[in-house]
Asks: 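My questions will all concern the structure given below.
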There are 2 protein chains.
Amino acid sequence: MTKQRALILEELRKVRTHPTAADVYEAVRRCMPRISLGTVYRNLDLLSREGLVRRIDLGTGKKRYDAFVEDHSHIRCSSCGRVDDVPLHRADGLAAMYHGVERTTGYEVQSCEIDFVGLCPECRKDSAAASRERSSRKNDLAGPEKTRK
Amino acid sequence: MTKQRALILEELRKVRTHPTAADVYEAVRRCMPRISLGTVYRNLDLLSREGLVRRIDLGTGKKRYDAFVEDHSHIRCSSCGRVDDVPLHRADGLAAMYHGVERTTGYEVQSCEIDFVGLCPECRKDSAAASRERSSRKNDLAGPEKTRK
DNA sequence: CTTGTTTTTTGGAATGATTCCTATTACCAT
DNA sequence: ATGGTAATAGGAATCATTCCAAAAAACAAG
Ligand SMILES: [Mn+2]
Ligand SMILES: [Mn+2]
Ligand SMILES: [Zn+2]
Ligand SMILES: [Zn+2]
């Protein structure tokens, strides 16, 4: 456990925003300005292989990292891109689900990931406000959305 | 609906292997050798925006495409990489799940993707055979290990 | 059949997140 | 200190995907 690795883990444990590797790099840089992006990538990879960090790929181009490795799912806002936790109590239904999948596919199921997409509370307000506005003035055209790949 | 787009869709409908863009390019090339990879990407994107094709990102680097747009999930073999369908009957449990997520997160849920990882039937056999071989070799081989260092 | 207009395709270059490489540095036990 | 080992820094390479300008095709009258 090197200083760099410890700091990366520490910074990741401070937040629940599911930062990207670049985000972690920025954060860690404030304490250790000479750290390299490669080191951040390598250690995030190492930590995730050891189970101390979870790597999340929601198909938005950049992978995200999560120091909270307890069993949970994620939801991403299709408007602003933020990612929040979903405390899915897999305990009950998941065992049956696994079993059903094994029976129907013949696979031996090792893991399963459930990702949601939706509108976060903030963006719900915004879109509600926008639609209110739209219905009063009938000429509006906007294209938010920031995801690419 | 141009010739290229029609052929891309036709080829994609022939298979249930969830090919990558490069795979589709290869397949389509056999009938239309001068088609360009860019055209394949653009049309797959277009078709998926129109709902005729489903784009799948399982976090393995390359996106995959599926002409079967009925509601189903996927399972990927962690050993050989193949991707199969999982006929999850979302109808029953999913509505409750969505509702539960909306209540606990405050999000308005728009969609959800469930991806499984496991060992396909083929690889199960292989890994079973390999482990059988390993255990028998352990029994007859009393020789010293060639550890280095 | 022309001419002009719009849409699509090509082929190649650009992008950008991630990985790879290697000289240099930090670490550790003699 | 010295040597051996492990990790880092910095930058180059990779590779799926996207972007772009120019050529081709499709379309619409005249
Ligand atoms: Mn999380
Ligand atoms: Mn499928
Ligand atoms: Zn939002
Ligand atoms: Zn397999």
Side-chain angles (χ1 to χ4, degrees), chain A residues 1-12 17-50 52-66 76 81 83 115 143 145-149, chain B residues 1-12 17-50 52-66 74 76 81 83 115 147-149:
Chain A
M1 180 62 69
T2 67
K3 292 179 217 161
Q4 288 89 342
R5 190 173 316 153
L7 182 57
I8 287 166
L9 187 54
E10 185 190 329
E11 289 295 323
L12 200 53
T17 57
H18 310 90
T20 64
D23 294 335
V24 174
Y25 177 51
E26 284 304 317
V28 157
R29 222 133 97 93
R30 291 200 297 268
C31 298
M32 194 182 284
R34 298 196 52 79
I35 197 171
S36 79
L37 181 56
T39 295
V40 172
Y41 269 109
R42 183 164 30 74
N43 281 309
L44 285 173
D45 187 50
L46 219 153
L47 289 165
S48 75
R49 274 207 300 273
E50 294 187 6
L52 292 169
V53 156
R54 191 164 148 199
R55 192 196 326 231
I56 303 163
D57 187 335
L58 298 170
T60 50
K62 309 179 190 183
K63 296 194 179 87
R64 292 165 168 275
Y65 296 87
D66 192 344
R76 170 178 60 87
V83 174
D115 300 326
E145 185 83 32
K146 218 181 155 186
T147 44
R148 265 290 145 150
K149 167 148 187 198
Chain B
M1 179 63 68
T2 67
K3 292 178 219 161
Q4 287 89 345
R5 190 174 317 153
L7 182 57
I8 287 167
L9 187 54
E10 184 189 329
E11 289 295 322
L12 199 54
T17 57
H18 310 90
T20 64
D23 295 335
V24 173
Y25 177 51
E26 283 305 318
V28 156
R29 222 132 99 91
R30 292 201 295 269
C31 298
M32 194 183 281
R34 296 195 55 79
I35 197 171
S36 79
L37 181 57
T39 296
V40 171
Y41 269 109
R42 182 166 30 73
N43 281 309
L44 285 173
D45 186 51
L46 220 152
L47 288 166
S48 75
R49 274 207 300 273
E50 294 187 6
L52 291 170
V53 157
R54 193 164 145 197
R55 190 190 334 224
I56 303 163
D57 188 334
L58 298 171
T60 50
K62 310 179 189 181
K63 296 193 178 91
R64 292 165 168 274
Y65 296 87
D66 192 345
H74 294 101
R76 170 178 60 86
V83 175
D115 299 327
T147 37
R148 61 180 25 195
K149 211 185 238 209

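All of these numbers come straight from a predicted model, not from anything done at the bench.
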Asks: Which atom names give the shortest non-hydrogen contact between A:Ile35 and A:Val40, and what distance separates them?
Replies: CD1-CG2, 4.2 Å
Asks: Closer than 4.0 Å, any side-chain N/O of B:Tyr41 to the OP1 or OP2 of D:dT18?
Replies: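 Checking D:dT18 against B:Tyr41, no side-chain N or O comes under 4.0 Å of OP1 or OP2.
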Asks: Is there side-chain contact between B:Val83 and B:Leu58, with heavy atoms separated by less than 4.5 Å?
Replies: yes
Asks: Rounding to a whole Å, what distance do you find between B:Asp45:CG and C:dT8:P?
Replies: 14 Å
Asks: Can you tell me the distance, in whole Å, between the OH atom of B:Tyr25 and the C1' atom of D:dT17?
Replies: 14 Å
Asks: Give the rounded distance in Å between these two atoms: CG of B:Leu46 and P of D:dT18.
Replies: 13 Å
Asks: Specify the separation, in whole Å, of atom CZ of B:Arg55 and atom C1' of D:dA16.
Replies: 12 Å
Asks: Below 4.5 Å, heavy atoms only, C-beta onward: do A:Asp45 and A:Tyr41 meet side chain to side chain?
Replies: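 A side-chain contact under 4.5 Å is absent here.
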Asks: Closest approach of B:Arg55 and B:Lys63, non-hydrogen atoms and distance?
Replies: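 Taking every non-hydrogen atom into account, CD-CD, 3.2 Å.
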Asks: Go along nucleotides 7-15 of chain D 5' to 3' and tag each nucleotide: B for a protein heavy atom under 4.0 Å from its base, S when only backbone or sugar atoms are that close, - otherwise.
Replies: SBBS-----
Asks: Looking only at heavy atoms, which two atoms of A:Gly59 and B:Asp57 are closest? And how far apart?
Replies: CA-OD2, 3.4 Å
Asks: Calculate the interatomic distance between A:Met1 atom CE and D:dA6 atom C1'; express it in whole Å.
Replies: 15 Å
Asks: Without decimals, in angstroms, what is the distance between A:Asp57 CG and C:dG16 P?
Replies: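 Atom CG in A:Asp57 sits about 18 Å away from atom P in C:dG16.
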Asks: Treating A:Arg5 as the side-chain partner and A:Asn43 as the backbone partner, does any N or O pair qualify as donor plus acceptor under 3.5 Å?
Replies: no
